[in-house]
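The block underneath contains the structure these notes are about, expressed in C-alpha cells.
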Amino acid sequence: MKEIKHAMIQENRMIAPGMYSMTLQAEDIAKLAKPGQFVNLYCKGEARLLPRPISICEINKEEGTINLIYAVVGKGTGEFSQLEEGDTVEVLGPLGNGFMIDENKKKHIVVGGGVGTPPLLELVKHLKGEIDVYLGFRSYPILVEDFESLGARVHIATEDGSVDFKGNVLELMKKENANGDIIYACGPKLMLKAVSEWAASNDIPMQVSLEERMACGIGACVGCVCKTKKKEDKDWQHRKVCKDGPVFWHTEVIWDE
Amino acid sequence: MKEIKHAMIQENRMIAPGMYSMTLQAEDIAKLAKPGQFVNLYCKGEARLLPRPISICEINKEEGTINLIYAVVGKGTGEFSQLEEGDTVEVLGPLGNGFMIDENKKKHIVVGGGVGTPPLLELVKHLKGEIDVYLGFRSYPILVEDFESLGARVHIATEDGSVDFKGNVLELMKKENANGDIIYACGPKLMLKAVSEWAASNDIPMQVSLEERMACGIGACVGCVCKTKKKEDKDWQHRKVCKDGPVFWHTEVIWDE
Amino acid sequence: MNEKTLDLKVEIGGVVLKNPVTVASGTFGSGREFSEFIDLNKLGAVTVKGVSSAPWKGNPAPRIAETYGGMLNSVGLQNPGVEKFIKNDIPFLREYDTKIIVNIAGKTIEEYCDVAEKLSHADIDLIELNISCPNVKEGGVAFGTDPHMAREVTKEVKRHSKHPVIVKLSPNVTDITEIAKAAIEGGADGLSLINTLLGMAIDIHKRKPILANVVGGFSGPAIKPVALRMVYQAAKAVSVPIIGMGGISTGEDAIEFILAGATAIAVGTANFRNPKATMDVLDGIKEYMISNGIKSLNEIRGII
Amino acid sequence: MNEKTLDLKVEIGGVVLKNPVTVASGTFGSGREFSEFIDLNKLGAVTVKGVSSAPWKGNPAPRIAETYGGMLNSVGLQNPGVEKFIKNDIPFLREYDTKIIVNIAGKTIEEYCDVAEKLSHADIDLIELNISCPNVKEGGVAFGTDPHMAREVTKEVKRHSKHPVIVKLSPNVTDITEIAKAAIEGGADGLSLINTLLGMAIDIHKRKPILANVVGGFSGPAIKPVALRMVYQAAKAVSVPIIGMGGISTGEDAIEFILAGATAIAVGTANFRNPKATMDVLDGIKEYMISNGIKSLNEIRGII
Ligand SMILES: Cc1cc2nc3c(=O)[nH]c(=O)nc-3n(C[C@H](O)[C@H](O)[C@H](O)COP(=O)(O)OP(=O)(O)OC[C@H]3O[C@@H](n4cnc5c(N)ncnc54)[C@H](O)[C@@H]3O)c2cc1C
Ligand SMILES: Cc1cc2nc3c(=O)[nH]c(=O)nc-3n(C[C@H](O)[C@H](O)[C@H](O)COP(=O)(O)OP(=O)(O)OC[C@H]3O[C@@H](n4cnc5c(N)ncnc54)[C@H](O)[C@@H]3O)c2cc1C
Ligand SMILES: Cc1cc2nc3c(=O)[nH]c(=O)nc-3n(C[C@H](O)[C@H](O)[C@H](O)COP(=O)(O)O)c2cc1C
Ligand SMILES: Cc1cc2nc3c(=O)[nH]c(=O)nc-3n(C[C@H](O)[C@H](O)[C@H](O)COP(=O)(O)O)c2cc1C
Ligand code: FES
Ligand code: FES
C-alpha cells in the first residue's frame with residue numbers, strides 16, 4: 001500500500017533570495033521517481049491542510065535521496081524553509097507522469113522559467129545528444145552550474161538584466177536562434193503559452209509541465225484541471241494536472257485562459 | 001502596556017501519570033503574582049486559538065520564575081507536555097484576584113482536589129499558624145512533600161484507596177474532625193459544593209477557587225461566568241471567574257448547577 | 001470487550017453497512033486512487049463523486065483554495081456521465097465487499113430522474129441525491145434551498161429509482177429542519193448532511209478571487225461546528241437515518257456526530273491531508289467504543 | 001510613499017473614522033481591559049458589547065467552546081443595561097480619540113427602540129443594531145432571518161435614534177442580499193456582517209454538548225470564507241458602507257474584506273488569542289498599502 005512517509009531532511013538551505021534547496025532521505029520515492037514527477041509535501045501547521053506539490057529536482061537512486069528546490073511564496077513554503085537538518089517532513093510520491101523521453105531525439109531545447117527550472121535538471125541528466133538550456137528569471141538565476149556540469153549549453157535571461165540577457169526567455173531563444181528536435185518546458189503559464197506558439201510556428205514538438213492548485217494530488221478530487229484537446233477529440237476536456245500531467249504535449253493544451 | 005510574553009521553559013517534567021510540572025522564566029509575572037492567581041498559556045497549534053488558564057503553583061520572586069502543575073487532559077495540555085527545557089511558551093499573567101489572606105486567622109484548613117491542588121501550595125507559603133491540608137486524588141497524590149516541608153499537616157484521600165484514606169476528601173475531613181478558623185479550597189465543583197455545605201454547617205468562612213471555560217481570560221468577553229449572590233444583593237449575578245475570581249467566598253457562589 | 005464483540009452494523013434504507021464509515025462524495029473519486037492507500041473492503045460504503053445524465057465539464061481552474069483549517073472547491077461536478085460511470089466504475093467497486101452509494105446531480109428534475117432511472121438497472125446499493133452543490137448555477141443549489149423544490153425533486157427521483165434514496169442537504173439555508181422535512185415528505189429514505197458551505201477567498205496580490213468561479217464550496221475541519229449543529233437539528237426533526245459529515249477527520253469527530261444523531265458518517269476533505277483518514281476514523285470509533293464499554297453505537301446514537 | 005502620506009479615513013453614516021479598524025462587538029467589552037494592552041486612540045472606532053434596555057443575565061456557563069480554528073460562545077448578551085453602560089463606559093471611552101459604536105440588543109421592537117432612544121442623548125457616534133445574535137431565543141435571531149422583520153425593526157430604530165444606524169446581519173440565512181436590502185429599505189446607514197454562525201460542539205466523554213445552551217455562535221479564522229463571501233455579496237447588492245468581520249486576524253485578512261467591498265473592518269475573536277490583534281491588523285493594512293503603492297483604500301475597495 002502507498003502511504004505518506006516521514007522523510008528525514010538531510011539538508012535545507014537558501015540558494016538564492018527566497019529560494020531553498022531541500023534534500024530528503026526518501027528511498028521509496030528515489031527508487032521510483034522519473035524526471036518531471038513531483039511530490040506532495042505536507043505542512044505541520046494545522047491551519048494548512050492541503051499538500052504543497054513540489055517538483056523533484058534531482059533523484060539520487062544510490063543514496064536514496066531526492067532534492068527539491070522551492071521558492072518561499074506563502075505560509076506553507078515559509079514553514080518548509082524553517083525546517084532543519086534532522087527534522088522530518090511528511091511526503092508522498094512520486095506523483096504525476098513526468099517527461100516522456102524519446103531516445104531518437106538528438107538535439108534538445110530545454111526551457112525553464114523561475115521556479116519552473118528545477119524539474120528540468122533531472123530531465124537533462126536523462127537526455128542524450130546536444131542540449132541547449134534557456135532559463136529566464138526575474139533577477140537571480142539558479143542551477144546554472146548544475147546544468148553546465150551536465151554538458152548542457154546554458155543561456156540566461158533576467159527581467160531586470162542583472163545577469164546576461166535582459167528580457168524574457170523567448171526573446172533570448174529568438175535572439176540565439178534556438179533550434180532542436182524537441183522542446184521541454186516548465187515555468188509560468190504565460191511563458192509556456194508564448195514558447196508554445198513559437199514551437200508551433202517552428203514545427204518543433206514540445207512537452208510542457210503545468211502547475212495548478214491541487215487538493216489531493218493523486219487524481220481523486222478533480223481539483224487541478226487544465227483545458228486540453230487531443231487531435232482525435234471533437235471536444236475539449238478538463239484533464240487532471242496531478243494525474244494526467246503535470247507534463248502534457250503543448251498541442252494538447254488549450255492556452256486561452 | 002501589558003503583553004503576552006515568550007517565557008523560557010526551565011523545566012517541564014512528568015511528576016505523576018499524566019501530570020506535569022513546568023517552570024517558566026517569567027520575571028514580570030513572578031514579581032506581581034499572588035497565591036491563587038493564574039496565567040494564560042497559549043498553544044502553538046494553529047487549530048487551538050484560546051488560551052489555557054493554569055494556576056500558579058509556586059512563585060519564586062528571587063529567581064523570577066513561576067511553577068505550573070498541569071494535567072494532560074486534551075490537545076492543548078498535550079502540546080505543553082511535549083515542550084522541553086529551552087523552548088519558549090507564550091504566557092500572560094498574572095490574572096485573576098487570588099486568595100484574600102487575613103492575618104488574624106491562625107488555624108487554616110486547606111482543601112485540594114486533584115489538579116485543584118497546585119495553587120494551594122503557594123497559598124500555604126503565605127499562611128501563618130496551624131495548617132491542615134486535606135487533599136483528594138483519584139490514585140496518585142501530588143505535592144505531598146512540598147506541603148509537608150512547609151510545616152503543614154497533610155491528610156490524603158484517594159478514591160481507589162491506593163494511598164492512605166479510601167474515599168473523598170470531605171469524608172476524610174469529617175473522619176479527622178477537621179477544624180479551623182478559615183477554609184481555602186480548590187478542586188472540582190462538586191467537591192467544592194460539598195465542602196461548602198460542610199463549612200456552612202460548621203460556620204467556618206471559606207474561600208473557593210473556581211474553574212470555568214474561558215476565551216479572553218482578562219474580563220472582556222464575559223465567557224467564564226459563575227452564578228453568585230452577595231448578601232446585600234436582591235438578585236443573583238453572573239460574575240466573571242477570570243476577573244472577579246477565580247477566588248470567591250463560598251457564600252457568594254450559587255452551587256445549584 | 002474487544003474489537004470482535006463490537007456491533008458496528010448500521011442500516012440505511014434497508015441496506016446494511018458493515019460499519020458506519022463512508023466517504024463524502026467528490027473527495028474519493030470512485031475509490032480507485034484511494035484503493036492504493038487503504039483496503040476498501042474495510043469501508044461501510046464508498047460514496048462516489050456526483051454523476052449526471054450527460055458528461056459535465058465542470059468549472060474552470062483554479063478550482064481549489066486553501067483556507068484556515070479548511071478549503072474551497074469549485075469543481076462543479078465534472079464527471080463523465082452516468083453511462084461511462086456505470087461501465088467503468090461499478091465493476092471495479094463490486095470487486096470489494098463494501099456498499100456503493102452513488103451521488104447524483106442534475107440541472108432539472110428530468111435530468112435527476114434520468115440518472116436515477118439509468119442507475120436502477122445498475123448494481124449499486126443506494127442513491128444519494130445531491131440537491132446542494134453550490135458550484136452549479138442551474139438547479140443544483142435551488143433544489144436544496146427551497147423546501148417545495150426539495151420535496152418535488154425527491155418525490156420524482158423516488159418514483160424513478162429502484163434503489164433507496166438518500167437526500168443530501170445544503171447548509172446554506174436559514175432553517176435546515178424545514179428542508180429536511182420537505183425531503184422526508186418527498187419520500188427520502190435517509191438524509192446526508194452537510195454539503196459544503198458557500199465561501200470565498202481572495203488573492204490580495206492579484207486582487208482577484210482565488211477561484212475562477214469566484215465562490216466555492218467550503219469544507220474541512222473548520223466547518224465541523226456548523227455541520228454538527230445541523231445534524232443535531234435534523235436528527236431531532238426527522239426519524240430517517242442520517243449520514244453526518246462536515247470536517248470529520250478523527251474517531252472523536254465521528255462520535256460527536258453519532259451522539260448528535262447520525263447513523264453513519266462520511267470522511268471528506270480529511271482524505272486529502274491523510275489518505276488513510278477513513279481507517280483512522282474507523283479505528284478511533286472502535287477505540288472509543290471499547291474504552292467506554294459500548295457494544296453498539298445504538299447505545300449512544302442521538303442521546304444528546 | 002510612507003505611513004504619513006496614507007489616507008486611512010473612512011466614513012460611515014456621516015461619521016469619519018480615522019482608520020478602518022474597529023473591533024467586533026462582544027469581543028472587546030467597552031475597551032477597558034484592552035486599554036491595558038493597546039492604545040485605544042489608534043483605533044478607528046471601538047464597538048462595544050451589546051447593550052439592552054434592562055440588564056440581561058445572559059446564558060448559563062459553560063459559555064465557551066473551542067473548535068478547530070475557531071470558537072463557540074453562548075454569552076447571550078449579558079450586560080448591565082443601557083443606563084449603567086452610559087454612566088460607566090461612555091465617559092471612559094470619550095477620554096480617547098476614537099469613535100464609539102454602540103451595539104444594541106432587544107427582544108422586541110419596543111426594547112430596541114428604547115435603547116436607541118436612551119442612547120440618543122448620550123455622547124456616542126453610531127448605533128449598531130444587532131438583529132443577529134444566535135444566543136437569544138426571543139427576537140434576536142428572528143429579526144435577522146426574516147426580511148420583513150429586519151426592515152421593520154430598522155425603520156423603528158431609525159425613528160427613535162438621533163445617531164446613524166448600522167444594521168448587523170446574521171450569516172445564518174439562505175440569501176444574505178435579501179436581508180441586506182431589507183435593512184436598507186428600513187433606512188440603515190450601513191451594514192455590519194457577519195455575526196456568528198450557529199454551531200455546536202459535543203464533549204464525547206460527558207456525552208453532552210459543551211455549551212450549557214447546547215448551540216452557540218461560531219467565530220474566528222475558521223469562518224472567514226463565509227464572512228468574505230457574504231460581504232462580497234452584500235457589497236454588490238447595496239451601496240451603503242459595510243463593516244466587514246468574521247475571522248480577521250491579520251492585515252491580509254482585512255485587505256481581502258476591503259477588496260470584497262468593506263468600508264471598515266472589525267477584529268473579533270482574534271483579540272482573545274492576541275490582545276494586540278487590532279494593532280497588528282492596522283499595521284498590516286498600512287504595510288500592504290505602502291508596498292503596493294496604494295494611497296487610499298478607495299483605490300481598491302470593492303474592485304473584485
Ligand atoms: C506539479 C507542481 C509542481 C511544482 N513544483 C514546484 C517547485 O519545484 N518549486 C516551487 O517553488 N514551487 C513549485 N510548485 C508551486 C508550489 O506548489 C507552490 O508555490 C506552493 O504550493 C505554495 O505554497 P505556500 O503555502 O507557500 O503558498 P500559499 O499561497 O500560502 O498557498 C496556499 C494554497 O495555494 C496553493 N498554491 C499557491 N501557489 C501555488 C502554485 N503556484 N501552484 C500550485 N498551488 C499553489 C498551495 O499549495 C496551497 O494550497 C509546483 C506546483 C505544482 C502544481
Ligand atoms: C482559573 C483556572 C485555573 C486552572 N488551573 C489549572 C492548573 O493549575 N492545572 C491544571 O491541570 N488545570 C488547570 N485548569 C484547567 C485547565 O485550564 C484545562 O485543563 C485546560 O485548559 C485543558 O486544555 P486542553 O487543551 O488540554 O483540553 P481540551 O479539552 O482539548 O480544551 C478545549 C478547550 O476547553 C477548555 N477547557 C477544557 N477543560 C477545561 C477546564 N477544566 N477549565 C477551563 N477550561 C477548560 C480549554 O481551555 C480549551 O479552550 C485551570 C482552569 C482555570 C479556569
Ligand atoms: C473537492 C470536493 C468535491 C465535492 N464533490 C461533491 C459531489 O460531487 N457531490 C456532493 O454531494 N458533494 C460533494 N462535495 C461535498 C462533500 O461530499 C462534503 O459534503 C463536504 O465536503 C463536507 O465534508 P468534509 O468537510 O468532510 O469535506 C465535494 C467536496 C469537495 C471538497
Ligand atoms: C464572545 C463573543 C461575544 C459576542 N457578542 C456580540 C454582541 O454582543 N453583539 C454582536 O452584535 N455580536 C457579538 N459577537 C459577534 C462578533 O461581534 C462578530 O460578529 C463575530 O464574532 C465574527 O467575528 P470574528 O470571527 O472576528 O470573531 C460576539 C462574538 C463573540 C466571540
Ligand atoms: S489534485 Fe486532486 S485530482 Fe489533481
Ligand atoms: S474569559 Fe473572557 S471574561 Fe473571563
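Predicted, not measured: the structure shown is a model, and the values here were computed from it. Convention: sequence-line order gives letters A, B, ...; per-chain numbering from 1.
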Whether B:E122 side chain and B:I59 backbone form a donor-acceptor pair below 3.5 Å: yes
Winner by heavy-atom pair count (cut-off under 4.5 Å) against chain D, out of B:K243, B:Q237, B:R52: B:R52
Over 12 non-hydrogen atoms of neighbours within 6.0 angstrom of NZ in B:K75: no
For chain B, the option from D:T67, D:N271, D:I38 that forms the most heavy-atom pairs under 4.5 Å: D:I38
D:S35 portion near chain B, given a 4.5 angstrom heavy-atom threshold: backbone
Side chain, backbone, both or neither of D:K276 within contact of chain B (heavy atoms, under 4.5 Å): side chain
D:I210 portion near chain B, given a 4.5 angstrom heavy-atom threshold: side chain
Other residues, nucleotides, ligands: >12 heavy atoms within 6.0 Å of B:E85 CD: no
Donor-acceptor pair, side chain of B:D87 and main chain of B:L83, under 3.5 angstrom: no
Contact class of B:N40 relative to chain D, heavy atoms under 4.5 angstrom: neither
Pair B:Y140, B:D160: side-chain N/O donor-acceptor within cut-off below 3.5 Å: no
Other residues, nucleotides, ligands: >12 heavy atoms within 6.0 Å of B:K31 NZ: no
Partner chain B: residue of D:K49, D:K57, D:E36, D:R32 with the largest heavy-atom pair count (under 4.5 Å): D:K57
Contact origin within B:E46 toward chain D - heavy atom pairs under 4.5 Å: backbone
